[in-house]
Amino acid sequence: MLKKIPEVVIVPVASEVTPLPAQNNCTDLRTIRINEYLAARNLAPLTQKAYRQDLNYFLRWTDTAWASVDARMITNFKKYLTLQKFGKKQKVLSNVSVRRILGTLHNFFDWMYKNEYIVKDPTIAVELPSLPEPEAKNLSDETFNNILDTIGCSTYPERNLALIAVLCHGLRPSEPSNLDIKDYDGRRLHIRFSKHDSKGYVPLDDWAKKLLDDYLNWRQSKEGVLLLPESPLFLSHSNRNAGQRISYETVRKLVEKIRKQTGIYFHAHQFRHTFATNLVLEGMNPYHVMTLTRHKSVSNFRRYTKAADQAAADNAFYEHMKNKRSKQKT
């Protein structure tokens with residue numbers, strides 16, 4: 001007797017697994033390019049942070065891939081920056097800020113174009129907001145002497161005087177933190193890491209060399225060990241970071257302390273202004289001064305030559321009037 005064959009039961013099999021929605025990796029890819037750009041520039045940590053913040057304005061404004069950005073988008077982004085309110089206080093950005101952000105974006109696109117990530121730089125045709133010509137903010141002799149007197153009475157005057165001395169030779173406030181012992185050869189400082197990649201050598205006068213030598217001798221006698229070439233040139237003495245390399249915060253807090261003690265409002269960058277302005281006023285070739293300050297832009301350096309130009313114009317005027325009166329008498 002044949003067994004009854006059971007009916008075939010068709011079990012429905014789930015069709016294809018529902019695919020996950022495609023992930024938009026555009027933002028991730030854009031960030032990768034930014035990271036690569038910042039690494040290629042070899043920027044100081046604070047400068048790198050500032051560049052990233054500027055580029056983030058564009059990342060938050062659009063999710064367009066870098067290769068798809070065109071000149072019209074950059075123009076619309078410029079309008080957005082000038083009209084939109086930002087921050088906790090909801091304020092419109094100044095022309096200085098808009099110009100800085102667009103400048104950072106231009107440098108980034110220029111780097112991508114040169115590295116063949118894009119076929120055209122979309123920022124070339126976009127004009128930056130115009131700004132009034134900046135003035136140099138140099139310190140008067142009286143103000144500078146008051147600052148030095150206060151530093152001489154501060155905690156760790158050996159380090160603080162040496163630190164101010166190198167700032168008085170055109171260094172940016174963030175640059176001393178990157179210096180090692182090997183960067184000082186007894187005559188000059190070698191700036192290996194700096195804003196806008198403005199590397200170079202900075203000669204020191206006898207006053208600065210003595211203060212720096214005194215500080216290093218004081219350190220060696222205090223620590224009881226030889227200073228190694230790779231050791232930081234300037235050390236922190238704070239409770240948290242004692243014995244470690246100073247940071248920009250060290251300079252900022254020192255200036256803030258001096259301001260409170262003297263009642264003089266100034267900032268660390270004014271030492272650089274004073275250095276450049278005085279050299280030009282004393283008749284040094286502006287090109288050589290620009291080399292010492294490591295400026296890349298003549299227009300940015302122009303602020304330091306204005307005082308000398310005005311003094312020269314004044315002298316020319318008085319000489320002209322003197323000659324004119326002499327002719328009238330004859």
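Considering Arg192, Arg294, Arg272 in turn, Arg294 is the only one that fulfils the salt bridge (Lys or Arg N to Asp or Glu O under 4.0 Å) rule with Glu175.
Under the 3.5 Å distance criterion, the side-chain polar atoms of His269 are left unmatched by any main-chain donor or acceptor of Pro173. In terms of modelled atom types and a separation under 3.5 Å, the side chain of Asp205 and the main chain of Trp207 share a donor-acceptor contact. In this structure, the side chain of Ser231 does not engage the main chain of Ile181 through any donor-acceptor pair within 3.5 Å. A donor-acceptor distance shorter than 3.5 angstrom exists from the side chain of Asn145 to the backbone of Asp141, with no hydrogens or angles considered. In this structure, the side chain of Thr277 does not engage the main chain of Thr274 through any donor-acceptor pair within 3.5 Å. Judged purely by atom type and a 3.5 angstrom limit, Gln261 has no side-chain atom pairing as donor or acceptor with the backbone of Ile258. Within the 3.5 Å criterion, the main-chain N or O of Lys322 finds no donor-acceptor partner in the side chain of Ser326. Counting only distance, with no hydrogens or angles, the side chain of Lys120 and the backbone of Ala71 share no donor-acceptor pair below 3.5 Å.
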Checklist entry - Can you list the steps and then say if Leu212 with Leu204 is a side chain to side chain contact (heavy atoms under 4.5 Å, CB included)? => result CA-CA 10 Å; Leu212 191 51; Leu204 302 178; 4.0 Å; yes
Checklist entry - Can Leu211 and Leu163 be said to form a side chain to side chain contact (heavy atoms under 4.5 Å, CB included), step by step? => result CA-CA 9 Å; Leu211 289 174; Leu163 182 56; over 6 Å; no
Next on the checklist: Between Tyr57 and Phe86, is the ring pair (Phe, Tyr, Trp, His ring centres under 6.0 Å) condition met? List the steps.
Outcome noted: CA-CA 10 Å; Tyr57 278 96; Phe86 298 92; 5.2 Å; yes
Item to check | Val69 and Thr62: CA distance, side-chain angles, deciding distance, side chain to side chain contact (heavy atoms under 4.5 Å, CB included) verdict | outcome: CA-CA 10 Å; Val69 176; Thr62 180; 5.7 Å; no
Item to check | Verdict with reasoning, Ile101 to Val98, per side chain to side chain contact (heavy atoms under 4.5 Å, CB included) | outcome: CA-CA 5 Å; Ile101 294 168; Val98 174; 5.9 Å; no
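Grouping the Ile, Leu, Val, Met, Phe, Trp and Tyr side chains by contacts below 4.5 angstrom, directly or via other members, places Phe234 apart from Phe193. Cluster membership check: Trp218 shares its hydrophobic cluster with Val166, using side-chain heavy-atom separations under 4.5 Å among Ile, Leu, Val, Met, Phe, Trp and Tyr. Clustering ILVMFWY residues whenever any of their side-chain heavy atoms sit less than 4.5 angstrom apart, transitively, puts Val202 in a cluster other than the one holding Val289.
Note: Ile191 CD1 to Asn178 CG = 8.5 Å, rounded to the nearest 0.5 Å. Arg30 contributes atom CZ, which lies 4.5 Å from atom CG of Leu59 (distance to the nearest 0.5 angstrom). Leu55 contributes atom CG, which lies 6.5 Å from atom CG of Leu105 (distance to the nearest 0.5 angstrom). Distance check, rounded to the nearest 0.5 Å: CZ of Arg159 to OG1 of Thr250 gives 6.0 Å. Interatomic distance, OG1 of Thr305 versus CG of Leu279, reported as 13.0 Å (0.5 Å rounding). Distance check: Asn56 CG to Gln53 CD gives 7.5 Å after rounding to the nearest 0.5 Å.
Aromatic ring orientation, Tyr201 versus His190: parallel (interplanar angle below 30°, classes split at 30° and 60°). Ring orientation note: the planes of Phe108 and Trp111 are close to parallel, at an angle under 30° on the 30°/60° scale. Aromatic ring pairs are classed by plane angle as parallel below 30°, tilted from 30° to 60° and perpendicular above 60°; the pair Phe271 and Phe144 is perpendicular.
Lys210 has no carboxylate O lying under 4.0 Å from a charged side-chain N of Asp213, or vice versa, which leaves the two without a salt bridge. Using a 4.0 Å cut-off between a side-chain N of Lys or Arg and a carboxylate O of Asp or Glu, Lys253 and Glu256 do not qualify as a salt bridge.
Aromatic ring centroids of Tyr37 and Phe109 lie 6.0 Å or more apart.
Between Asn160 and Ser154, the side chains place a donor N or O and an acceptor N or O closer than 3.5 Å (distance only, hydrogens not considered).
Applying the side-chain hydrogen bond (donor to acceptor under 3.5 Å, both in side chains) test to pairs two or more places apart or on separate chains, those with a residue in residues 237-249 are Asp180-Arg245, Ser236-Ser238, Glu249-Arg252.
Residue Met321 belongs to a hydrophobic cluster whose other members are Phe317, Tyr318, with links defined by side-chain heavy atoms closer than 4.5 Å.
Phe266 CZ: more than 12 foreign heavy atoms inside a 6.0 Å radius.
Minimum heavy-atom separation, Asp70 to Pro122: C-CB, 3.5 Å. Between Leu83 and Val92, the shortest heavy-atom contact is O-CG2, 3.9 Å.
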